[in-house]
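Reminder, nothing fancy here: chain letters follow the sequence lines and each chain counts from 1. Just so we're clear, the structure is a prediction, and the values are computed from it rather than from any experiment.
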Amino acid sequence: MGLQIYNSMTQQKEEFVTLEPGVVRMYVCGPNLYGPAHVGHAMSYVIFDTIKRYLKYRGYRVVHVQNFTDIEDRIIETAKANGTTISALADQYIARFFREMDALNVSRADYHPRATEVIPDIIRMVEGLIQKGYAYALDGDVYFRVRQFKGYGSLSRRSIEQMEAGARVEVDERKEHPMDFALWKTAKPGEPSWESPWGQGRPGWHIECSAMSMRFLGEQLDIHGGGQDVIFPHHENEVAQSEAYSGKAPFVRYWVHNALLKLREGDEKMTRHLGNFVSAQDALDKFGTDAIRLFLLSSHYRSPLSWTDEGVMAAERGAARLRVALRDMADKPAESPHDALSQQAETARSAFVVAMDDDFNTPRAVAQVFDLARLVNQARDSGASAQSLGYAQSVLKELTDVLGLPLMGRSGPSQAEPFVSLLVDVRNELRAARQWALADDIRERLTQLGVVLEDGPQGTTWRYGAE
RNA sequence: GGCGACGUAGCCAAGUGGUUAAGGCAGGGGUCUGCAAAAUCCCGAUCGUCGGUUCAAUUCCGACCGUCGCCUCCA
């Protein structure tokens, strides 16, 4: 059985079949640029990065688009409050976003368009929707005619009547129907705006994603991802306007939505405007990439997760064990040595693939990685050949790469290196002279400085420890 | 109120109608070590509560309790 993906639209796992064989067209909703990213965003992007890595590992060519929404009410407000422009604000947060995502080893998309770069596409789409009778202009605004699109509500599983009944917002009386949503809005004085057939204005919130995905990926996509909180109204509206415009269905073959991150058990989800979040930067200041990714991937993407320092610290200790397994990685032999260890490694790899094939079950995949790490450590302890070890390590590395774990240790070469080596040498002379107390003192004091010494049969090795 | 999800060892977290319920962290014991560290070995759960279906349920159904998401901006 091949890859199965849970599709939010049908609420079941389905066999993954792409529109075009061998190619995956994937669009992931990017952030609104009114503030810095938090670890909830990080979780979503780590998850979709892992999905992308796995699809590539499975041999697909992946065309990945992730937008930046740089025109939207909140951004306009924030820019105004900070006395800056939306463009400058966006530049600032985009730079920061890339810095943080790079640090999390989240690979960049093939295209990172900004909403303001596709205004002509948006206008063309809105015009098309009006022509087809799916939208109507009203004093410079343009609204999508929700009742015209049969199937509105199918993604979020609700009917127009239901929503109307539970509506919590005051309704704009001019609209034909309370649920009709804005495709284009008249600019208020001082707001950024573009010329359009309906006067000076700007796009509504949902249309930009349809325009960007269509521009870079065509009228139909294989995977569209985002957080569960964006299913309604954002993705629901995207389906409506995209399918109404193109006349093609489905707009998206597989809707993939990750569950949301909470600050701690029993809390609500993290949200920037509630302030109950840990910023991506804070997390990166405190923890390493391996720990953060491993923590986030230790639970299934459709299960809600609580961010806790203890949890990430536990993940860090696990990551340390994986690093040990990959330590002094022997060269990968040209082919499998066909011994017991190699076969076990291949079994682990198969189990990893089976787990990931089952709707990207990263917790189960991670379990396979730990099993293999134990086998490698065991083999090394019992003096396995470099060839045998090298092969198993190469498989382990292959799998941890799919998970996007760098596993490179805390820091690279530093200026402290020669001095640490010197101390290690001095200490070993003391040990040779059986001056245990002094030797232990050096070790203890280095540990306090974050350098861990380990005496093994092959001599003393050292590494940066957790502080 | 409507729609949806979840409740598994001290903590995190997979999974299955019926052989030993993954994996990680923490804890206890052993091996190794001058001592440590690292690594490794051994040790722990009957699966929210109460009913039902079934030869058999943690796994299916119902009720209840608890938690969370969406219905408004949101990854």
Side-chain angles (χ1 to χ4, degrees), chain A residues 8 11 28-32 34-35 37-48 72-74 77 153 156-159 161-170 205 225-234 236 257-262 265-274 294-295 298-300 302-306 308 310-325 327 351 355 358 361-371 373-374 376-382 431 434-437 439-440 443-444 447 452-457 460-463 465:
Chain A
S8 306
Q11 295 191 302
V28 179
C29 270
N32 282 3
Y34 70 86
H38 60 235
V39 286
H41 297 103
M43 173 167 95
S44 190
Y45 300 124
V46 164
I47 285 166
F48 286 106
E72 186 263 337
D73 293 357
R74 218 172 257 280
E77 279 169 32
S156 54
R157 321 239 132 217
R158 62 197 75 194
S159 67
E161 295 69 38
Q162 251 176 22
M163 289 187 273
E164 220 180 326
R168 281 195 264 151
V169 235
E170 58 292 10
W205 174 40
Q228 280 173 353
D229 54 345
V230 91
I231 292 175
F232 189 90
H234 189 56
E236 190 70 63
H257 292 106
N258 61 275
L260 305 174
L261 190 68
K262 291 178 281 189
E265 198 56 42
D267 270 16
E268 326 176 46
K269 68 173 178 182
M270 281 190 194
T271 318
R272 287 189 285 198
H273 67 268
L274 287 181
L294 198 55
F295 173 74
S298 291
S299 111
H300 186 79
R302 284 189 288 109
S303 302
L305 181 65
S306 301
T308 63
E310 300 73 45
V312 187
M313 274 152 52
E316 169 52 36
R317 282 177 224 115
R321 227 173 95 233
L322 298 180
R323 277 182 218 119
V324 168
R327 199 151 69 175
D358 184 11
N361 194 323
T362 54
R364 226 158 81 204
V366 165
Q368 294 309 320
V369 166
F370 276 104
D371 278 343
R374 187 184 331 105
V376 167
N377 287 332
Q378 265 172 348
R380 179 166 34 212
D381 282 357
S382 56
R431 290 176 66 216
R434 308 183 70 81
Q435 303 260 10
W436 308 126
D440 289 351
R443 183 175 61 197
E444 177 55 31
T447 301
V452 179
L453 302 192
E454 293 170 356
D455 302 321
T460 302
T461 57
W462 66 274
R463 60 186 169 86

Would you list the protein and nucleotides 28-35 of chain B atom pairs, both N or O, that sit under 3.5 Å from each other?
from: B:G34; atom 1: O6; to: A:Arg431; atom 2: NE; distance (Å): 3.1
from: B:G34; atom 1: N1; to: A:Asp440; atom 2: OD1; distance (Å): 3.0
from: B:G34; atom 1: N2; to: A:Asp440; atom 2: OD2; distance (Å): 2.8
from: B:C35; atom 1: O2; to: A:Arg443; atom 2: NH2; distance (Å): 2.7
from: B:C35; atom 1: N3; to: A:Arg443; atom 2: NH1; distance (Å): 2.9
from: B:C35; atom 1: N3; to: A:Arg443; atom 2: NH2; distance (Å): 3.2
from: B:C35; atom 1: N4; to: A:Arg443; atom 2: NH1; distance (Å): 3.4
from: B:C35; atom 1: N4; to: A:Asp455; atom 2: OD2; distance (Å): 3.1

Quick one: which protein N/O atoms are closer than 3.5 Å to N/O atoms of nucleotides 41-46 of chain B? Pair and distance per line, please.
from: B:C41; atom 1: OP1; to: A:Gln378; atom 2: NE2; distance (Å): 2.6

Contact list (N/O, under 3.5 angstrom) for nucleotides 2-9 of chain B vs protein:
from: B:G2; atom 1: O2'; to: A:Gln162; atom 2: NE2; distance (Å): 3.1
from: B:C3; atom 1: O2'; to: A:Arg157; atom 2: O; distance (Å): 3.4

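The distance from atom CG of A:Leu453 to atom C1' of B:A36 is 11 Å, rounded to the nearest whole Å. Here the P atom of nucleotide B:C12 and the NE2 atom of A:His300 are 19 Å apart, to the nearest Å. At whole-Å resolution of the value, CD in A:Glu236 and P in B:G69 are 21 Å apart. As rounded to whole Å, 5 Å separates atom P of B:A75 from atom CZ of A:Arg272. Counting to the nearest Å, the P atom of B:C71 and the NE2 atom of A:His234 are 13 Å from each other. We find that CZ of A:Arg364 is positioned 17 Å from P of B:A13, with the value rounded to whole Å. Rounded to a whole Å, the CD atom of A:Gln368 is 9 Å from the P atom of B:G23. As rounded to whole Å, 5 Å separates atom C1' of B:A75 from atom OH of A:Tyr45.
For the atom pair A:Asp229 CG and A:His234 NE2, the distance stands at 10.5 Å (nearest 0.5 Å). Remark: A:His41 NE2 to A:Cys29 SG distance equals 11.0 Å, nearest 0.5 Å. Expressed to the nearest 0.5 Å, how far CZ of A:Phe232 lies from CZ of A:Arg157 amounts to 14.0 Å.
Mapping A:Phe370 and A:Val39 onto RNA chain B by nearest heavy atom places A:Phe370 at the nucleotide closer to the 5' end.
Residues meeting the ring-ring contact (aromatic ring centres under 6.0 Å, His included) test with A:Phe48, sequence neighbours left out: none. With sequence neighbours left out, the side chain to side chain donor-acceptor pair (under 3.5 Å) criterion links A:His300 to A:Asp359. With sequence neighbours left out, the side chain to side chain donor-acceptor pair (under 3.5 Å) criterion links A:Asp371 to A:Arg374.
Atom name P, nucleotides B:G52 and B:A45: the rounded distance is 28 Å, in whole Å. Atom P of B:G23 sits at a distance of 15 Å from the matching atom of B:A14, rounded to the whole Å. Going from the C1' atom of B:U16 to that of B:U49 covers 22 Å, rounded to whole Å. With C1' as the reference atom, B:U59 and B:G18 are 11 Å apart, rounded to whole Å. Rounded to a whole angstrom, the distance from the C1' atom of B:U46 to that of B:A9 is 11 Å. Of the P atoms belonging to B:U33 and B:G15, the separation is 42 Å, rounded to the nearest Å.
Using modelled atom types, no side-chain atom of A:Gln368 and backbone atom of A:Ala351 make a donor-acceptor pair closer than 3.5 Å. When atom types are taken as modelled, the side chain of A:Asp358 and the backbone of A:Asn361 share no donor-acceptor pair closer than 3.5 angstrom.
Using a 4.0 Å heavy-atom criterion, one finds that A:Leu274 contacts no nucleic acid atom at all.
Within the shown strands, nothing qualifies as a pairing partner of B:G44 under the Watson-Crick or G-U definition with both distances less than 3.5 Å.
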